[in-house]
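What you see is a predicted model, and the numbers here were worked out from it, not measured in a lab. The basis for the numbers below is simple: all heavy atoms, side chains too, and nothing from hydrogens, waters or symmetry mates.
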Amino acid sequence: MTVRENLAKITETIGQACENCGRSKDEITIIAVTKYVTIDRAREAVEAGIKDLGENRKDEFLEKYEAIGDDVSWHFIGSLQSRKVKDVINQVTMIHSLDRKSLAKEINKRANEPIQCFVQVNVSEEESKHGLQMEEVEEFIDLVKNYENIRVVGLMTMAPHTDDEEKLRGVFRQLRAQRDRIRDKHMPHAPCEYLSMGMSNDYALAIEEGATHIRIGSSLVG
């Protein structure tokens with residue numbers, strides 16, 4: 001199927017999810033995760049109306065950035081090694097995987113202007129996943145307050161790969177509650193308005209639980 005056809009189905013699902021929880025579709029940003037597809041397929045997504053692309057590896061990101069440029073907003077959604085920050089930092093709009101002091105320090109050093117960052121949280125506490133533990137989040141956000149080139153715009157998590165709807169909702173609700181606590185502190189460096197959560201298999205549930213940025217790969221671009 002074409003990306004345009006896939007996007008029409010996803011948009012319909014988003015509309016239903018928003019209706020279920022009393023939200024507006026305008027609150028949702030669709031990030032097309034293009035990490036496993038060709039430049040042509042990524043271009044097809046842009047032509048279909050996608051304005052945000054997500055990559056998780058430096059080399060693939062740079063290849064697509066060179067081909068597509070600033071026609072879209074670029075999201076770095078994978079774990080980012082500190083030594084690779086200098087290669088991508090001034091081309092990306094948002095980083096979804098800030099999870100340690102060394103990375104924060106390098107971003108702050110290399111960025112030409114403040115970078116919008118999501119702090120990654122391992123809500124499900126799976127060993128295979130990156131991210132801070134829930135109890136570490138507030139201390140970490142306080143720690144980066146003196147880094148003038150870091151702006152914590154929200155929290156990000158990856159839910160377990162499961163069909164257990166209540167388990168998924170539980171993860172999303174925990175992240176939303178943590179986001180609310182931080183947002184309500186009204187810290188200038190950490191407005192923490194957004195929630196990056198939900199992928200191809202669970203984005204409708206994530207939206208119902210408060211997601212603002214959903215990361216869609218297989219069901220959108222393949």
Side-chain angles (χ1 to χ4, degrees), residues 29 31-36 52-62 74-89 91-111 115-144 147 149-162 164 167-179 181-182 190 192 194-203 205-206 209-218:
T29 297
I31 301 166
V33 179
T34 53
K35 60 184 180 179
Y36 295 129
D52 297 80
L53 298 182
E55 286 285 332
N56 75 336
R57 290 188 176 90
K58 181 200 79 169
D59 292 343
E60 289 182 42
F61 163 68
L62 291 174
W74 292 96
H75 300 251
F76 201 91
I77 59 173
S79 181
L80 180 57
Q81 294 177 321
S82 298
R83 63 186 175 85
K84 296 184 178 180
V85 167
K86 66 182 185 298
D87 299 316
V88 304
I89 193 62
Q91 286 78 40
V92 296
T93 307
M94 286 182 161
I95 291 176
H96 290 243
S97 51
L98 178 59
D99 64 354
R100 60 196 187 279
K101 183 179 179 180
S102 60
L103 178 58
K105 187 175 180 180
E106 193 68 13
I107 291 170
N108 190 61
K109 176 183 174 182
R110 301 289 185 176
I115 299 294
Q116 299 182 75
C117 296
F118 288 87
V119 170
Q120 184 169 353
V121 187
N122 186 359
V123 180
S124 60
E125 298 184 347
E126 294 174 87
E127 289 186 12
S128 61
K129 288 186 168 60
H130 293 277
L132 297 167
Q133 300 301 302
M134 287 285 282
E135 63 270 16
E136 298 172 328
V137 174
E138 293 189 46
E139 182 180 353
F140 178 77
I141 289 176
D142 188 56
L143 181 146
V144 301
Y147 292 176
N149 282 330
I150 288 182
R151 185 170 174 81
V152 179
V153 296
L155 303 181
M156 178 275 232
T157 200
M158 296 179 67
H161 195 78
T162 177
D164 185 335
K167 188 171 184 178
L168 291 168
R169 287 188 184 276
V171 167
F172 297 144
R173 285 171 185 158
Q174 287 182 69
L175 193 71
R176 180 177 181 174
Q178 182 71 286
R179 186 280 311 267
R181 284 191 290 271
I182 295 163
C192 211
Y194 303 135
L195 287 169
S196 173
M197 58 188 196
M199 295 162 60
S200 287
N201 61 312
D202 57 18
Y203 68 90
L205 297 178
E209 299 300 339
T212 59
H213 293 67
I214 56 175
R215 311 179 304 270
I216 311 293
S218 56

Practice task
Let me see the working for Arg215 and Met158 under side-chain contact (heavy atoms from CB on, under 4.5 Å), right down to the final yes or no.
Solution key: CA-CA 10 Å; Arg215 311 179 304 270; Met158 296 179 67; 3.5 Å; yes

To check you understand the geometry: which heavy-atom pair defines the closest contact between [X] and [Y], and what is its length?
X	Y	result
Cys117	Ile107	SG-CD1, 4.4 Å
Ile31	Gly54	CG2-N, 3.6 Å
Gly198	Asp202	CA-OD1, 3.2 Å
Thr162	Asn201	O-ND2, 4.4 Å
Thr212	Tyr194	OG1-CB, 3.2 Å
Leu175	Met197	CD2-SD, 3.9 Å

How far does [atom1] of [X] sit from [atom2] of [Y], to the nearest 0.5 angstrom?
X	Y	atom1	atom2	result
Leu205	Lys167	CG	NZ	14.0 Å
Cys192	Arg151	SG	CZ	11.0 Å
His130	Asn122	NE2	CG	9.5 Å
Gln116	Met94	CD	CE	4.0 Å
Lys105	Leu143	NZ	CG	11.0 Å
Glu106	Asn149	CD	CG	12.0 Å

Handout entry: All ring-ring contact (aromatic ring centres under 6.0 Å, His included) counterparts of His75, not counting sequence neighbours
Key = His96

Handout entry: Residue pairs, two or more places apart or on separate chains, that pass salt bridge (charged side-chain N to carboxylate O under 4.0 Å, His left out) and touch residues 123-136
Key = Glu126-Lys129

Would you say the side chain of [Y] lies within less than 4.5 Å of the side chain of [X], judging by non-hydrogen atoms?
X	Y	answer
Ser82	Arg100	yes
Ser97	Asp99	no
Ile95	Ile89	yes
Phe61	Val92	yes
Met156	His213	no
Glu138	Gln178	yes

Completion exercise
Test side-chain contact (heavy atoms from CB on, under 4.5 Å), reference Ile141, set Val119, Leu98, Leu132, output is Val119

